[in-house]
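For reference, the structure is listed below as structure tokens.
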Amino acid sequence: MEDHHAKHRILVVEDGPGEREALARVLKLEGYEVLTAHNPDHALTLLDEPVSLVVTDLKMGARNGLDLMRTWRGRRPSTPFIVVTAYGDVDSAVSAMKLGATDFLTKPIDPPKLLDLIRECLLAEAADKSSSTARAVDVAHGVERLIGVSTGIERVRQQVRRVAPSDSIVLIVGEPGTGKELVAEALHAHSTRAAKPFVVIDLAAVPEALIDSELFGHVQGAFHGATADRIGRFEAADGGTLFIDEVGGFPLPSQAKLLRALETQIVQRVGSSEDRMVNARLIAASSNNLRKMVQEKRFREELFQRLNVVTIEMPPLRERREDIPLLVHHLASRFASGIQKPLPKLTAELHGFLISYDWPGNVRELRNCLESMIVLSASQELTLHDLPANIAGIRPEGAVAEPADESSAADDLQLSRLEKSVILQTLKRMEGNRTRAAEALGISVRTLQRRLKGWTGEV
């Protein structure tokens, strides 16, 4: 996983050389990139540098931190500011907040508190970007729904933008729960067919005997229960897009009919010999290895070649862990809003677990996990205790409930073991790099070091 801190550059503005270097050292030890400036004028020469957050002293001679913030935010209004004030300087702190400072600290600075504030500011900034994306979803249903900053998801977004305007068949492959239908919707939304129907058929949910009827329609009397003519999904998508999910679920006889429809743009309803012209773009998805199915004679090679024109591969969530905080905020906001609850806070331990867990069910599993926690929790703070048992392994299935005190002690012990396991696995994955491991876990390096010291002789 990519080091999250390496993406963030902090600008420290402080006229005292000793304090300036001490702050820079604290931030560098935490893994951030650091720029320093000895006064506001010097800081403004760095306006074009990529800066994620500014920590500035308030009193610095002729021009102060408020002057710097006014000018800087006039050019780059989204940059978070943490303002450092003298103890008891309430008026200045209030002025700073009115100008848009994210927060303020009083001298002498407590490094752990500063680091906590920086983390909160950066997470809030990422959350705001995610919320903006979520708002765009309601309007566009396009690539904005593919939330994330990872290389893998950005590659998918670029492929969608390039392929969408054409009428080429697209095959979307990836593990279950990775968001293949979202990609199909984005392809339709960015195509010239966006104003026409987007029709979905999930073959995994259709009985084999009814697949032909669902896809091509039927006429009255075609089979038992066919009491009236029925239009199929292909015809329903005329002029628009047909999305076939789990295309590997087609039985071989139906595959031949699908191939004919793709090559001729002609369909026949079940029980009829009448040809019907259909102009629908096909997007298909599969979580199975279709090439392997071809080798095993379970999928027609001609159909595979017809589908395999443009392939988009969805990365599993475990390969895009840097996207998990954005997904967590987006999904949690949606669920909390849906049941009219305030957006809950997540403890650092839970945040770290969500990032470190491998999510075999991918985004779908993450979504279900968050929904369960938010719906069932009576607190405004979610902890490891709130994880569904099938994910956390806190309470084995079928376990007999113990008396309240013993059960609580057992849960605490199990949570301690879980935390240790998560931390050690993350350290191993980061090849012993404690800064990267702490970031992946959502905790500070100091917290990680305290945990490791508590397991003397075990790490």
Side-chain angles (χ1 to χ4, degrees), residues 123 126-127 130-131 133-134 137-138 145-148 153 174-182 202 204-205 245 287 314 316-402 404 407-423 425-426 440-443:
L123 285 175
S130 179
S131 295
T133 297
V137 167
D138 297 333
R145 296 191 72 181
L146 303 173
I147 294 172
I153 207 67
E175 296 177 10
T178 48
K180 295 186 287 293
E181 186 168 343
L182 287 181
D202 181 358
D245 202 2
S287 56
M314 292 299 294
L317 191 54
R318 63 183 173 275
E319 292 180 7
R320 43 181 291 225
R321 295 180 192 271
E322 57 267 54
D323 295 340
I324 292 177
L326 290 175
L327 287 164
V328 166
H329 179 83
H330 169 68
L331 294 168
S333 299
R334 192 175 77 187
F335 294 137
S337 174
I339 58 175
Q340 298 183 330
K341 271 187 174 182
L343 180 64
K345 293 183 178 179
L346 279 65
T347 63
E349 289 77 14
L350 176 59
H351 183 264
F353 177 87
L354 295 178
I355 293 175
S356 297
Y357 182 61
D358 273 346
W359 300 109
N362 293 293
V363 179
R364 182 183 295 130
E365 185 181 15
L366 173 63
R367 180 189 67 203
N368 293 342
C369 170
L370 289 168
E371 184 173 10
S372 171
M373 289 193 293
I374 290 169
V375 169
L376 294 177
S377 176
S379 170
Q380 292 306 306
E381 182 177 69
L382 297 178
T383 72
L384 286 173
H385 284 286
D386 295 300
L387 281 168
N390 65 308
I391 291 180
I394 294 174
R395 289 179 293 278
E397 289 184 10
V400 178
E402 301 178 25
S407 176
S408 176
D411 278 356
D412 289 343
L413 177 60
Q414 195 75 318
L415 280 170
S416 177
R417 289 173 178 167
L418 173 64
E419 179 186 59
K420 178 180 176 182
S421 174
V422 169
I423 288 175
Q425 286 177 22
T426 305
L441 291 163
I443 59 178

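All figures in this text were calculated on a predicted structure; none of them were measured in a lab.
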task: Determine, stepwise, if the pair L376 / D386 fulfils side chain to side chain contact (heavy atoms under 4.5 Å, CB included).
output: CA-CA 8 Å; L376 294 177; D386 295 300; over 6 Å; no
Side chain to side chain contact (heavy atoms under 4.5 Å, CB included) between V328 and H351, worked out: CA-CA 9 Å; V328 166; H351 183 264; 5.9 Å; no
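Annotation: side-chain hydrogen bond (donor to acceptor under 3.5 Å, both in side chains) contacts of T383 (sequence neighbours excluded): none. For the side chain to side chain contact (heavy atoms under 4.5 Å, CB included) test, no residue two or more places apart in sequence or in another chain qualifies with S337. Under the salt bridge (charged side-chain N to carboxylate O under 4.0 Å, His left out) criterion, R318 pairs with E175, not counting sequence neighbours.
Rounding to the nearest 0.5 Å places CD of Q380 at 8.5 Å from CG of L382. Rounding to the nearest 0.5 angstrom, the gap separating the OG atom in S356 from the CD1 atom in I324 is 8.0 Å. The distance from atom CG of D358 to atom CD of E319, rounded to the nearest 0.5 Å, is 10.0 Å. Between D202 atom CG and E181 atom CD the span is 8.0 Å, to the nearest 0.5 Å. Note: I153 CD1 to L317 CG = 9.5 Å, rounded to the nearest 0.5 Å.
A side-chain contact (heavy atoms from CB on, under 4.5 Å) with I147 is found for one member of D323, L326, L182 and no other, namely L326. Results of the side-chain contact (heavy atoms from CB on, under 4.5 Å) test with E381 over L350, T347, L346 single out T347 as the only residue that passes.
Within 6.0 Å of the NZ atom in K345, the count of heavy atoms belonging to other residues, nucleotides or ligands does not exceed 12.
Under the 3.5 Å distance criterion, the side-chain polar atoms of W359 are left unmatched by any main-chain donor or acceptor of P316. The main-chain N or O of G174 is found under 3.5 Å from a side-chain atom of K180 such that the two form a donor-acceptor pair.
Of all heavy-atom pairs spanning P344 and A336, the tightest one is CD-CB, 4.2 Å. Here the closest heavy-atom approach between residue R321 and residue I355 is recorded as NH1-O, 2.8 Å.
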Listing, residues 364-375 side-chain donor-acceptor contacts under 3.5 Å, not counting sequence neighbours, or none:
from, atom 1, to, atom 2, distance (Å)
E365, OE1, G361, N, 2.7
E365, OE2, Y357, OH, 3.2
N368, ND2, R364, O, 3.4

